[in-house]
Amino acid sequence: MLDKNFDPAAVEQRLYEGWEKAGAFGARPEGNAAPFTIMIPPPNVTGSLHIGHALTMTIQDTLTRWRRMQGRDALWQPGTDHAGIATQMVVERLLASEGKDRRQMGREAFLDRVWQWKAESGGSITRQLRRLGASLDWPRERFTMDDGLSTAVREVFVTLHDQGLIYRDRRLVNWDPKLLTAISDLEVESREVKGSLWHLRYPVEGKEGRFITVATTRPETMLGDTAIAVHPEDPRFADLVGKRAILPLVGRAIPIVADEYSDPEKGSGAVKITPAHDFNDFEVGRRHALAMPSVLTADALVTLEEIEADLRDIPGVADADFVRGLAGQDRFAARKAIVARLEELGLVEKIDPHTHAVPHGDRGGVPIEPRLTWQWYCDAKTLAQPAIKAVESGAMTFHPRQWENTFFAWMRDIQPWCVSRQLWWGHRIPAWYGPEGMIFVARDEAAAQAKARAHFGHDVALDRDPDVLDTWFSSALWPFSTLGWPEKTPELAKYYPGSVLVTGFDIIFFWVARMMMMGMHFMGDVPFRDIYIHGLVRDERGQKMSKSKGNVMDPLELIDAYGADAVRFTICALTGPGRDVKLGRQRVEGYRAFATKLWNAARFLEMNGIAPDVRFDAAAVKTPLARWLLDATNRAVADASLALEAYRFDDYAQASYRFVWNGFCDWFLEFAKPVLNGPDGAEKTEIKGVAQHVLGVILRLLHPSMPYITEELWDRFGYGEPCSLIRAEWPGAITVEGAADARAELDWVVSLIGDLRTVRAEMNVPPSVTAPLLLQGATPETLARAGRWIDAIRRLGRVTELTALAGEAPAGVAQFVVGEATAMLPLAGIIDFAAERARLSKERGKLDVEAQKIEAKLGNPDFVARAKEEVVEENRERLATAQAEIARLDAALARLGK
RNA sequence: GGGCGCUUAGCUCAGCGGUAGAGCGCCUGUCUUACACACAGGAUGUCGGCGGUUCGAACCCGUCAGCGCCCA
């Protein structure tokens, strides 16, 4: 016997292990079934399961379980990525607590230590995914630093290099002075910062007393200024173009150039140009062939190495000693010192408060510093073209579609991708440096040596590039590297391209676009057909979750409190297309109630001895109730399937919820009770049969979103072997004979009972009071129908008996209209006539408004002439119905008036 | 500044040319032999404003306002 409530904690682990042990999650590459492939967005190996994972993984698992039940050979590929910066930071912090430093211990020892850390703590997220019920094919788990995936990375790097699509270049890069590495454009986020706009006066060379004022937000970079730019058409500066200005403090003479980059509307109209420390200035520097001295080190400390020779003393303008004193100072300290010294010299015209966007490193959190360095770049522009075409042609489709705009906007204006990182943890760049500046890119050291030997004619010493690749470089290969590429494996042949990629919009550029580029280039085909983009999880008020706001929800804690099924079903129910998921505990609690409802419905069947019955033939049912239920089941299954097909998880949840609660529980089980309590016989056998059949359908229908409770019930009832629901067949439609008749009959009963209840409630008739029901003006068919359902009407409508009324109505009845008949409840002494009159009048009023609206419509000749015929006809029918009902209500009111 | 999206019941949202809906919440009643994580009943909307197209607009078009996100 089932307990009164479902206890998730008691079954979840057992069932998950049961599935896993039975190999139920495993793909079957040797079989003939059509594949269904989802590549997990590999979580960061340092990570732990957060609510965003719960969202994306619930969606992926729901799709995977559904397709698996449909008979597809489902592969949900698990794994994690090595998260270069994040992991290195974690281990360095650990070392710091032991008083150690990676530089002291050296590269080899440090990497050993990272692997050791990974072995000990790196797997927590995969354990947590199991708690959610995620049916990943664990034996196929991959890690981006695995041997196989590393081979793929080297293969891709070398190939792209040979094709000229990866190259080394010296240009400005986004440099993180805290983490001491280059990062890509995408890893930079703008943050609004309240700063100042300093207006600095630079003396014009050879024109005593003449100054040109430049406006800047970064005065400390002035040491590296090599020009001043003004707009070519700006009359204020026309006479100065071609002249030179003296750079204050330093004393270097710098040209005043005309360049459209300078915006006459902004600041002072003149802008200082520091090519080595600003992306725009770099471009101006290139156009005007300016020198590009760097004045900051990797740590963002002032360095004078490249400007030492320029330093001069000019009274009132330049101060070499002061500048020398800046060496080694932090960029922000230097800013203060420089501004102070300029003020002393009277070279600061004004300081305006200024809020502007400052680029920050997304990992380190400090302002990034544009820095002139040699780095490896990937020619994203070229690689992007086939990916763009594949989306344009529909070979890949975004869901919701609108994300294609975002995708195109970025892809069509894509910049070279800086792929090198000055880290130790990651895929080391397969490039070796030899004498005379020669670089040999090869799959391994031996191959590099061979290339060097071929070039020089003898063996030479080679040094390997110390840098590693961007983690996203290896993630970009995930859809094929996990399947064994560059080997030609059966898995690669079967599971590439993937069916759908599920991820958040924040990752479209980082990962989705890059997988497309690499997939198109190396596999010659798209990496996946569909891209389902979901929103963010927010709190119930729509606020983004953050530690500082204290509104973070822990999915594991929610699972502990409500069960994984409730969490998953809530997520499905709230996941509309293009919408964020606003999650609150109350929502999860509400959907736990749904799980309890299902549990208790099953418990009721169990109490009535209803069990799986293979002899039951759904196509052969005779009773209207069984036919009605099977028909409703068909519709629920069709709605749910269509919803999943369209990635409408909200519609899927709603269709299942409504069918189970409002269809199966509220009506079917209530109608079944009199039969189940009645004598044994064909009818009872059929109702029990259809009940077990439909419970089986419900368990299968809900399994993708609520795997545990459904499997538990499936197993306890014995629908199959333990842990077999996960691979049971997804339900389909069955032919129901006489479905329309059954629907008409049950609709009539439902509406009769509904009206009966409404009248009783509005008349404040206590449930303990029962009464006979009189039907006046009913056709013989209606009376026969009422007779067939008398037991249900008695039970659900608190009616003692039902009789046809031929003559006059007795005094003291509550009345309502049902179809062609008027129903009457003789409740003399109980009903309040004034209340009854008011109720009937209100009813009549509503109908009257309705009828008037329709009359007005039909009275409009334009409507009758121009609207579609069926619309006009429909309105005529509605008017007739309303008018007939008004007439019966008038009769009822007249009787009351006596 | 450019782009995208949103604005419908107290809340979260569906509906996207022909009768304004759901869930939750709220109010009332009920321990009716599966379920009080329940059952039954009820109330609630100038569908953001304005203008247009149409026989007919929450839905299509224009415009304004507010909110959110992305890019500069």
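Numbered from 1 within each chain, the chains take letters A, B, ... in sequence-line order.
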For atom [atom1], what is the distance between [N] and [M], given to the nearest Å?
| N | M | atom1 | result |
| --- | --- | --- | --- |
| A9(B) | A58(B) | P | 15 Å |
| G23(B) | C4(B) | C1' | 29 Å |
| C60(B) | U8(B) | P | 15 Å |
| U54(B) | G62(B) | C1' | 15 Å |
| C61(B) | C16(B) | C1' | 14 Å |

Please name all residues satisfying ring-ring contact (aromatic ring centres under 6.0 Å, His included) with [X], sequence neighbours left out, ordered by chain then number.
| X | value |
| --- | --- |
| Tyr532(A) | Tyr647(A), Phe649(A) |
| Tyr657(A) | Tyr591(A), Phe594(A), Trp661(A) |
| Trp410(A) | Phe509(A) |

Those residues of residues 654-668 of chain A lying under 4.0 Å from RNA chain B by at least one heavy atom: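 When residues 654-668 of chain A is checked for heavy atoms under 4.0 Å from RNA chain B, the hits, listed by number, are Gln654(A), Tyr657(A), Trp661(A), Cys665(A), Asp666(A).
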Ranges pairing with ranges for RNA chain B, where each run has three or more Watson-Crick or G-U pairs under 3.5 Å: B:1-7 with B:65-71, B:10-13 with B:21-24, B:26-30 with B:38-42, B:48-52 with B:60-64
If you look at every strand shown and take non-hydrogen atoms under 4.0 Å, does [X] touch a base, only sugar-phosphate, or nothing?
| X | answer |
| --- | --- |
| Arg401(A) | nothing |
| Thr406(A) | nothing |
| Ala593(A) | base |
| Arg878(A) | base |
| Glu670(A) | base |

Under the salt bridge (Lys or Arg N to Asp or Glu O under 4.0 Å) test, residues paired with Glu404(A) that sit two or more places apart: Arg401(A)
No-hydrogen, no-angle side-chain donor-acceptor test under 3.5 Å, Asp848(A) and Gln852(A):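 Yes.
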Partners meeting side-chain hydrogen bond (donor to acceptor under 3.5 Å, both in side chains) with [X] (sequence neighbours left out):
| X | answer |
| --- | --- |
| Asn551(A) | Asp539(A) |
| Asp715(A) | none |
| His399(A) | Asp530(A) |
| Arg587(A) | none |

Range on RNA chain B touched by chain A, heavy atoms, distance below 4.0 Å: C6(B) to C55(B)
Pairs satisfying side-chain hydrogen bond (donor to acceptor under 3.5 Å, both in side chains), at least one member in residues 598-612 of chain A, at least two apart: Asn600(A)-Arg603(A)
Ring pair (Phe, Tyr, Trp, His ring centres under 6.0 Å) partner of Phe398(A), chosen from Trp403(A), Phe505(A), Phe407(A):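 For Phe398(A), the ring pair (Phe, Tyr, Trp, His ring centres under 6.0 Å) test succeeds with only one of Trp403(A), Phe505(A), Phe407(A), which is Phe407(A).
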